[in-house]
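Below is one structure, written out as structure tokens, with a few remarks after it.
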Amino acid sequence: MAAARRHPGDRPFLWLLNVARNVLANEMRSRRRRTRLWGRLRGDGPPAPDADVASDLAEGGRIAAALSRLSARDREVLQLVGWDGLDARAAATAVGCSVKTFSVRLHRARRRLTAAFAEIDAADRPAPATPLQGSSQV
């Protein structure tokens, strides 16, 4: 570690200005790095050029509807991994079980979520059209 610099006895004000400038420069660099890091963690990126807000809202509603069909335990497992970004070890610690048990719970919850999406999609699909009976009169 470098030896601490001592301020010159004859010009302490200039020395303090230099120290303050360096501290502020370090703070600004740190702030820019933190801002970039938070942006990456939140997934902030440049918006898609043709992003459709309505479709994003619809997809969010579809996800909420699918999650509402699951048990609280399944929702918790999926949210710890999907939204909180925890790996299996950290999520298992949060839930209070072993990593193996958590992995099994996650696998089952994902399977149930897939089934819930399939049910929602099937309910939203229009019923097939029945063929019209042709008239016997020509």
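These figures come from a predicted structure and were not determined experimentally.
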Where at least one partner belongs to residues 70-88, residue pairs that pass salt bridge (Lys or Arg N to Asp or Glu O under 4.0 Å), sequence neighbours excluded: Asp74-Arg112
Contacts of Ala116 that satisfy side chain to side chain contact (heavy atoms under 4.5 Å, CB included) - sequence neighbours left out: Ala66, Arg69
Arg21: side chain to side chain contact (heavy atoms under 4.5 Å, CB included) partners, not counting sequence neighbours: Asn18
Sequence neighbours excluded, every pair satisfying salt bridge (Lys or Arg N to Asp or Glu O under 4.0 Å) that has a member inside residues 24-35: Glu27-Arg31, Glu27-Arg34
Spacing of Phe117 atom CZ and Ile63 atom CD1 [to the nearest 0.5 Å]: 5.0 Å
Residues forming a side chain to side chain contact (heavy atoms under 4.5 Å, CB included) with Thr101, sequence neighbours excluded: Cys97, Ser98, Arg105
Single hit among Leu70, Leu113, Leu106 for side chain to side chain contact (heavy atoms under 4.5 Å, CB included) with Val77: Leu106
Pairwise distance CG(Leu86) to CZ(Phe102) - rounded to 0.5 angstrom: 7.5 Å
Pairing residues for Val99 by the side chain to side chain contact (heavy atoms under 4.5 Å, CB included) criterion, not counting sequence neighbours: Ala88, Arg89, Ala92, Ser103
